[in-house]
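Notes follow once the structure below has been shown.
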Number of protein chains: 2
Amino acid sequence: MIKSKDGLPYSKEAAILEAAEREFLSKGFAGARTVSIAKAAGVNHAMLHYYFRTKEHLFERILDEKMRIMGESVLTAFGQPGLPLTERIRDGIERHFDFIAANPDLPRFIVNEVFSCPERYGAMQRRVALIAHRLIYDLQQELDTAAKGGDVVEALDVRMLILDIISLNIFPFVAYPIIESVFGYSPDDRERFFMQRKQENVETILRRIKKL
Amino acid sequence: MIKSKDGLPYSKEAAILEAAEREFLSKGFAGARTVSIAKAAGVNHAMLHYYFRTKEHLFERILDEKMRIMGESVLTAFGQPGLPLTERIRDGIERHFDFIAANPDLPRFIVNEVFSCPERYGAMQRRVALIAHRLIYDLQQELDTAAKGGDVVEALDVRMLILDIISLNIFPFVAYPIIESVFGYSPDDRERFFMQRKQENVETILRRIKKL
DNA sequence: CTTTTATTTAACAATTATGTTAACACAAAC
DNA sequence: GTTTGTGTTAACATAATTGTTAAATAAAAG
């Protein structure tokens, strides 16, 4: 049942999922209201319980999806072999930055919900750890080889490097409402700020790995 | 009325404030329950309304205080003149890092509450912006002078530099529950991780400003 | 066409949270 | 000792929120 009777391209179930995503992303689990979700989706609030039984069910559906996407974003950003190391890293930073720019609310949402209920994260955790370990292993090998060749500084821990990158990429989006006043309020200011930010992050990381 | 009848060093009002801080910091405004706060403070839940009228009042009391502290932490960290520029920055990074290490929940709390209710931030915003502008102006001058002398790279925007620093310092604490699996679960692992992290951030920033 | 299944709605039930009030206790001030 | 102000409690009121159900409607299957 993908189409409803009036021919719209998605069912009410999908409409609820979309509305729930917006509500949960902006207000978190505790702040979200099932009636608001129902209203935004244009359905009676009983529908929500009909399709998903409970608020928790609906929420987990959203959270799981978002954690998966967020994890993948890191893997796909840096999992592009075939480029020279420096280019691979530059490319990874930019891909990851673009992903966050397109999904600026995701990190705050995930961080919060995992923090406020770590057991929700349990299942996902092992899966992510496994995939992450492979990426880390690959990149570490490449870094070590490049270090032997004198192209980059020695003794880099790739886990720390990736954490540098995601910190620099994510935090400005998370903190933007607070730091806005320092960089200007107009939409133009905002765009300029994030363009500049992307370059800043690339520069910072390339300097970090450079052999001096 | 600072002492209660049983001679404890703080009144029930203060006990409520402490309990409220823990509750709000860990669950946010929406997730916090006034009865939980009252129970944790060891008072009847009517007391809470007697002293603070509403949950919102109590919350604002906490949020204002926390925003003030958070803002000050940046200013005091970097507002130490008299040191050579590089040392001043290293010192600032370490001070700021130590502050976050001592208050790891603060950034997530503030970012969330400001995001979910920006109007709460309005009053504070202008005040912070003003103080920030002076710090920024001072540091920018010093950076420009150092650049002319050939000690650091030219054309650094100090706002971006400070944002680099607070991103690197704050994000690892915020994301720790998620990335824990990559760095190990034991308390020892945790401590080792954050010690390493502090050095990583100093290294990254000093390389960022270095004249190559 | 009839039966069955899926979808939708309105009304209601139960629980939980916040906020109020009136009575009570206790100490200090007069 | 009475009054006054502060602190404290239990019980209640109100509103919001989640979840249920039974009946109505539409769609699909036979």
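Chain letters run A, B, ... following the sequence lines, proteins first and then strands; every chain starts at 1.
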Exercise for review: Just call it for A/F52: base, sugar-phosphate, or nothing, with non-hydrogen atoms closer than 4.0 Å on any strand.
Suggested key: nothing
Point to revise | Whole angstrom value for the distance that separates P of C/dA17 from CD of B/E23 | key: 10 Å
Exercise for review: Could you check which of D/dG7, D/dT18, C/dT18 has an atom nearest any side-chain atom of A/K55?
Suggested key: D/dT18
Review point. Is there any ring pair (Phe, Tyr, Trp, His ring centres under 6.0 Å) pair reaching into residues 159-183 of chain A, and which pairs are they, with sequence neighbours excluded?
Key: A/F97-A/F173, A/F173-A/F194, A/Y176-A/F193, A/Y176-A/F194, A/F183-A/F193
Point to revise | Inter- and intrachain pairs under salt bridge (charged side-chain N to carboxylate O under 4.0 Å, His left out), touching residues 62-80 of chain A, at least two apart | key: A/E21-A/K66, A/E65-A/R68, A/R68-A/E72
**Study point:** For atom CZ of A/R53 and atom P of D/dT17, their distance in whole Å
**Key:** 21 Å
Practice item. For this output row, return yes or no: ring centroids of B/F24 and B/F109 closer than 6.0 angstrom. Key: no
Detail all sub-3.5 Å separations between protein N/O atoms and N/O atoms belonging to nucleotides 9-13 of chain D.
residue: D/dA10; atom: OP2; partner: B/N44; partner atom: ND2; Å: 3.4

Review point. Within a strict 4.5 Å, meaning less than it, do heavy atoms of the B/V174 and A/F115 side chains meet?
Key: no
Review point. Between C/dT18 atom C1' and B/L58 atom CG, what is the distance in whole Å?
Key: 13 Å
**Study point:** Between C1' of C/dA13 and NE2 of A/H49, the distance in whole Å
**Key:** 13 Å
Check your understanding: Rounded to whole angstrom units, what separation is found between the CG atom of A/L48 and the C1' atom of D/dT18?
Key -> 10 Å
Study note, to complete from the structure: Hits for salt bridge (charged side-chain N to carboxylate O under 4.0 Å, His left out) against B/D138, two or more places apart or cross-chain, chain-then-number order -> none
**Study point:** Pairs flagged by side chain to side chain donor-acceptor pair (under 3.5 Å) wherever residues 164-174 of chain B is involved - sequence neighbours left out
**Key:** A/R197-B/D164, B/H96-B/N169, B/N169-B/N201
**Study point:** Within residues 28-49 of chain B or reaching into it, pairs that qualify as side chain to side chain donor-acceptor pair (under 3.5 Å) - sequence neighbours excluded
**Key:** none
Point to revise | Pairing residues for A/K27 by the side chain to side chain contact (heavy atoms under 4.5 Å, CB included) criterion, not counting sequence neighbours | key: A/E23
Revision key, fill the gap. Residue set satisfying salt bridge (charged side-chain N to carboxylate O under 4.0 Å, His left out) with B/R120, at least two apart, ordered chain then number -> B/E56
Check your understanding: Does B/Y51 make a side-chain N or O approach to OP1 or OP2 of D/dT8 shorter than 4.0 Å?
Key -> yes
**Study point:** Contacting residues from residues 32-41 of chain A, given that a heavy atom lies under 4.0 angstrom of DNA chain D
**Key:** A/A32, A/R33, A/T34, A/V35
